[in-house]
S.K.: 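My questions all concern the structure below.
Chain A is the first sequence line, chain B the second, and so forth, proteins listed ahead of strands; every chain is numbered from 1.
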Amino acid sequence: MLTLSHTVAGDECRIFFPERRTDLAGFESFLGEGDKLLGLDTETTGLDIYSPGYRLRLVQIGNAREAWVLQADLFRDAIIRALRQPRSFGVHNASFDLQVIDRHLGVRIEELADRVLDTKIFAHLLDPRQRHEGGAGLRLKELSEIYVDEAAPDTQEGLTAVFRSLGFTKETGWAGVPIDNETYVRYAGLDVILETRLFYELAPLVKALELSDLSQFEHHLQSLLAIMQRKGVRLDVDYIDRLRSELAVEASDFAKVAARYGVSNVNSTTQVSAALVGMGETLTETTDSGALKVDKAVLLPLADLDRDWTRIEARDPNPLADAVLRTKRAMKWDESYAGAFLKLRDSDDRLHASIGGLQARTARMSISRPPLQQLPSGDWKIRRALIADPGQLIVASDYAQVEMRVLAALCQDETLVEAILSGTDLHDFTAERVFGPDFTKVQRKVAKAIGFGKVYGGGKTTVARQTGQTEAAVAPAMAAYDATFPGIKRYAQRLQRRAEYGKKEVITVSGRHLPLDRDRLYAATNYVVQSTARDLLAQAIVDLFDAGLGDHLLLPVHDEIIAQAPEAEAEEVVQEIGRIMGSTFYGIPILSDPEVYGRSWGSGYGVPAELDAR
DNA sequence: ACGACGCGCCAC
DNA sequence: AAACGTGGCGCGTCGT
């Protein structure tokens, strides 16, 4: 047995790496010592838990002074037995380890989740900011550096150096490093010691700040999201192959056009701006670093296209601008979406995108690998690639104007509340109050943009840019908006004043503390609205599982839930999903709009029937 | 060759 | 007085 010593926060700690069965006697007696909670961690070949060839390498179980680093292949039975003991485990980012353990050791998420406490959840509740935002960070090493031992990040760097010395990269080292490499074993053992110590530092803070109920809710939610991720979504691989060839042809055709104007690489902003200037175009906008800006907003007008890529007929289209836009779009769709789908699928052609259930500063969820929350929505082609299981249909229910409704509920502006309760179109209502009964289409657009501005914190410059109006025209409309809904402004000012004179934070109804940047206190309204909308969706997910509908759910997308149901009962299931998502929040109805899409996700985005999945 | 960072673009 | 929020990620560039 390999035995290592390591000093953590001044204490001598031991790391044990059993090499034969007889070495496990010490592990068994360690388990018998009666720790109520042990730290738990795993080391694997990478992040794509469900990809073919993925392996679980190590399982580490330990306490504040002792770590057992167990080889998953050799000691599978002993590990499973240890996990099934009636005992709690502290884990950092438990969703990942729960899924690894479920898939590769057969101990189900349902079996283990209730006994797991996640220090990443604790940390997020205490301070949701990442390091670069000025927070403590959310990674184990960052947190350990602050709460446990400032030398905690050192082994990470040491391990990267080892990977490199062995000819691996930061990425490939996890799969390639020999399992008995001393630095690797030390790193693995240390992780679980740090985790245990971090748990004992953070748990009392969560309790002292009265965040225990919220913590319990988030733990439950994370386990449900892990179950959704384990299930995954089915891909139409034949369709994706066809789509990719189309996109490749499109990209190369338009790249050839761009090349005729001297742009050999459309992703090079330097080349594109130089060529456009050479053609006599005038570029005025610049990036933060001072270069000429050639993003979509700049190129579309040059190509005589509006935001939906239809001709404006205002000028002769610049053929280079047009070619650059089209090449880039085809490349992005090919690489970021279609290509990523294929690369990340499992052996059954399913995608198990990673759902970060408690991610943003506002606790909003995110989905990565691949980013399924941000597939193009103006076109069905990408979403068409994701399909329901055989015999089932994709269904969805999205909240209607949830952020405006949350804002109304929180600020209780009388006029806004009344307008929502009356059931009239909110933007029509606003336009009428701001511009009079004969408001134009453009004026309605301005009214809508001002409403968004209230939620996002935007001012007249933004509203003017979005609507194509002058700031001079927008300013009086904003004043009229404030006069119509004085409660919104009062509420925003109240949040800001409190932050100005008190703690730089805003506290949500659910009791979540959201830190504010001192020079962006105006973001308070957006934070509390965005976070509250997220909490409503989170509660809906819990409610849907409680109602026995969890098996239908596929993905949360900020204000909607994507699900599937057998064809014959799809309508009934989605109606029930919609009903359960609904609620009344401080007197404001929060309603969702249930819809049966069809065989693919694209069915809800206008895919012609003959091109949809069968 | 790797990795950090800027730019750009996708979503809600 | 004015201030557009939250994410993920591919490519190019540049330093190591």
S.K.: Please work out if A/R369 contacts a base, only the sugar-phosphate, or nothing of the nucleic acid, heavy-atom cut-off 4.0 Å.
M.R.: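 Contact class for A/R369: sugar-phosphate only.
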S.K.: Please confirm whether the shortest side-chain N or O distance from A/K328 to OP1 or OP2 of B/dC10 is below 4.0 Å.
M.R.: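 The answer is no; no side-chain N or O of A/K328 sits under 4.0 Å from OP1 or OP2.
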S.K.: Just to be sure I understand the geometry, which residues of residues 259-270 of chain A put a non-hydrogen atom under 4.0 Å away from DNA chain B?
M.R.: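 Under 4.0 Å from DNA chain B: A/T269.
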S.K.: For DNA chain C, find the residues of residues 459-482 of chain A with a heavy-atom distance under 4.0 Å and give them by number; none if there aren't any.
M.R.: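 Residues of residues 459-482 of chain A that come under 4.0 Å of DNA chain C are, in numerical order, A/G459, A/K460, A/T461, A/T462, A/Q466.
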S.K.: For the side chain of A/A360, starting at C-beta, report the closest nucleotide among C/dG5, C/dG7, C/dC9.
M.R.: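 Closest of the options to the side chain of A/A360: C/dG7.
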S.K.: By nearest atom, which of the nucleotides C/dT6, C/dG10, B/dC10 is closest to the A/E335 side chain?
M.R.: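 Of all the options, the side chain of A/E335 is nearest to C/dG10.
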S.K.: May I ask you to evaluate whether A/S377 reaches the phosphate of B/dC12, defined as a side-chain N or O under 4.0 Å from OP1 or OP2?
M.R.: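 Yes, such a contact exists.
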S.K.: Please classify the nucleic acid contact of A/R361 as base, sugar-phosphate, or nothing, using heavy-atom distances under 4.0 Å.
M.R.: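 Sugar-phosphate contact only - A/R361 comes under 4.0 Å of backbone atoms but never of a base.
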S.K.: Touch check for A/E133, heavy atoms < 4.0 angstrom, all strands: base, sugar-phosphate only, or nothing?
M.R.: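 Sugar-phosphate: the residue A/E133, judged by heavy atoms under 4.0 Å, touches backbone atoms but no base.
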S.K.: Could you tell me whether the side chain of A/R364 has a donor or acceptor atom within less than 3.5 Å of a complementary atom in the base of B/dC12?
M.R.: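 Between B/dC12 and A/R364, which were checked side chain against base, a qualifying N/O pair under 3.5 Å is present.
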S.K.: Between A/W380 and A/G602, what is the shortest heavy-atom contact and its length?
M.R.: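 Heavy atoms only, the tightest pair is CB-O, 3.8 Å.
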S.K.: C/dG7 base to A/Q373 side chain: any donor-acceptor pair below 3.5 Å?
M.R.: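 Checked by distance alone, the answer is no.
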S.K.: With distance as the sole criterion, do the side chain of A/K332 and the base of B/dC9 form a donor-acceptor contact below 3.5 Å?
M.R.: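 Checked by distance alone, the answer is yes.
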S.K.: Can you find a side chain N or O atom of A/Q359 that sits less than 4.0 Å from OP1 or OP2 on C/dG8?
M.R.: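 Yes, A/Q359 has a side-chain N/O under 4.0 Å of OP1/OP2 on C/dG8.
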S.K.: Given C/dC9, is OP1 or OP2 found less than 4.0 Å from the side-chain N or O atoms of A/S336?
M.R.: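 So the side-chain polar atoms of A/S336 never come under 4.0 Å of the phosphate oxygens OP1 or OP2 of C/dC9.
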S.K.: Classify the nucleic acid contact of A/L372 as base, sugar-phosphate or nothing, counting any heavy atom under 4.0 Å across all strands shown.
M.R.: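 Since no nucleic acid heavy atom lies under 4.0 Å of A/L372, the category is nothing.
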S.K.: Using a 4.0 Å cut-off on heavy atoms, which residues in residues 514-522 of chain A reach DNA chain C? List them by number, or say none.
M.R.: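 Only A/R520, A/Y522 qualify.
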